Amino acid sequence: MLQTSRLAADEAGLSEAAAILRRGGLVAFPTETVYGLGADATNAEAVAGIYAAKERPSFNPLISHLASLAAAQEQGVFDATARQLAEAFWPGPLTLVVPVAPSCTISDLARAGLDSVGLRVPAHSLAHSLLERTGRPVAAPSANRSGRVSPTTADHVLGDLDGRIDAVLDGGASEVGVESTIVACLGGAPRLLRPGGVPREAIEALIGQKLETGSEGGASPLAPGMLASHYAPRAQVRLNATRIQSGEAALLFGATPPSGTQSADATLNLSENGDFKEAAAHLFSYLRQLDASGASTIAVAPIPEAGLGEAINDRLRRAAAER
Ligand code: TXA
Ligand code: MG
């Protein structure tokens, strides 16, 4: 149980909030849409903390918040349409999903292993000051527990997350009250992934074309080849492996490796200490590394279904099922 502090909307509160984010803590902060639960997007363990605090049973890609378009362009590749939308609607309640830039520092856990990234420059002045002081992209889903409504005041946030996060920056009530509109610009026609604070009509009027409609990233994942499809390994994935066969790649968890581990083609341990946050932080990059080893099967040791283990197992079950 953490002591959650309520920070005032002043110089001292802002510096404290930025300091907490920079050292890997969790700070809820106001945006013009809803309060976000922020973590340093470049720090995968901090991002894992978001999922733990929200008790979210699956990993979906998170929106990373930035202070300016220039900062966003270090993280993602903006085509002409994305640039036009950013220039018209940022700062504001619009999120753009764009391909990751080579200079992207956002962790793969925040991107749920995807090669694209969700970026937003919020209009709220406190959010803006916090992002400037933090100097890093800040991943932030709505600051509520999974399955509850999105919070528009610091009291709502505390009602759900008191004792589970480091602090809430209290900036009064959010104005818009619904989440940002999400538009994907991934080559081809721009696609509306989620309706929100910027009306579809305003976007279509600006770009002079209709937005395609597609399903939201986290909501209905996994028709293969779909835009929002999560990273799927090329190798087969075998779960709850209590014995590793020779030629398999092994993804381990905890101190006791399954029998046969010494004959594995490649071995990585998500967390030798059995720490779920550490395991979540490693999950996507280890899957990719083991996939790259060339083994035809990745055998995954049993991982307990507790805390973040649920989200980790959910992700692994999808990896085992996706073909
Ligand atoms: O108003 C908002 O957008 C609030 C405030 C706090 O800024 N934030 C918010 O964040 O709603 P979040 O992380 O809950 O939004 C996640 C959604 C995912 O479900 C997915 O639809 C989309 O953002 N998303 C993010 N990155 C994506 C990606 N690379 N590909 C597809 N969808 C993505
Ligand atoms: Mg939400």
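If you read the sequence from its start, that first residue is 1, and numbering goes on from there. These figures come from a predicted structure and were not determined experimentally. One-based numbering, in listed order, for ligands and for the atoms of each.
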Neighbour count above 12 (heavy atom, 6.0 Å) for Glu272 CD: no
Crowding at CD, Glu204 (>12 non-hydrogen neighbours, <6.0 Å): yes
Could you name the option among [options] that has the heavy atom nearest to [atom]?
{"atom": "atom 16 (C) of ligand 1", "options": "Pro61, Gly118, Pro141", "answer": "Pro61"}
{"atom": "atom 9 (C) of ligand 1", "options": "Ile63, Ile50, Leu193", "answer": "Ile63"}
{"atom": "atom 1 (O) of ligand 1", "options": "Leu114, Thr31, Thr33", "answer": "Thr33"}
{"atom": "atom 8 (N) of ligand 1", "options": "Gly76, Ala140, Gly36, Pro122", "answer": "Ala140"}

Test item: side-chain donor near acceptor, Arg243 and Thr261, under 3.5 Å: no
Residue pair Arg145, Asp160: steps toward the salt bridge (Lys or Arg N to Asp or Glu O under 4.0 Å) verdict: CA-CA 6 Å; Arg145 279 214 226 176; Asp160 255 19; 5.4 Å; no
Output the list of atoms in ligand 1 that are nearer than 4.0 Å to some heavy atom of [X], sorted by atom number.
{"X": "His65", "value": "5 (C), 6 (C), 7 (O)"}
{"X": "Ser116", "value": "28 (C), 29 (N), 30 (N)"}
{"X": "Asn60", "value": "18 (C), 19 (O)"}
{"X": "Arg194", "value": "2 (C), 3 (O), 9 (C), 11 (O), 15 (O)"}

Min side-chain heavy-atom separation Glu179-Ser142 under 4.5 Å: yes
For Leu252 against Pro258, the heavy-atom pair lying closest together: CD2-CD, 3.6 Å
Stepwise ring-ring contact (aromatic ring centres under 6.0 Å, His included) test for Tyr286 and Phe253: CA-CA 12 Å; Tyr286 283 11; Phe253 179 83; over 10 Å; no
What part of [X], side chain from CB on, backbone N/CA/C/O, both or neither, has a heavy atom under 4.0 Å from ligand 1?
{"X": "Val97", "answer": "side chain"}
{"X": "Val117", "answer": "backbone"}
{"X": "Arg111", "answer": "neither"}

N/O separation below 3.5 Å, Ser180 to ligand 1: yes
Heteroatom proximity flag, Glu179 to ligand 1, N/O under 3.5 Å: no
Stepwise ring-ring contact (aromatic ring centres under 6.0 Å, His included) check, Tyr35 with Phe29: CA-CA 5 Å; Tyr35 273 67; Phe29 63 96; 8.2 Å; no
Whether Asp40 side chain and Arg22 backbone form a donor-acceptor pair below 3.5 Å: no
Any Arg120 heavy atom less than 4.0 Å from ligand 1: yes
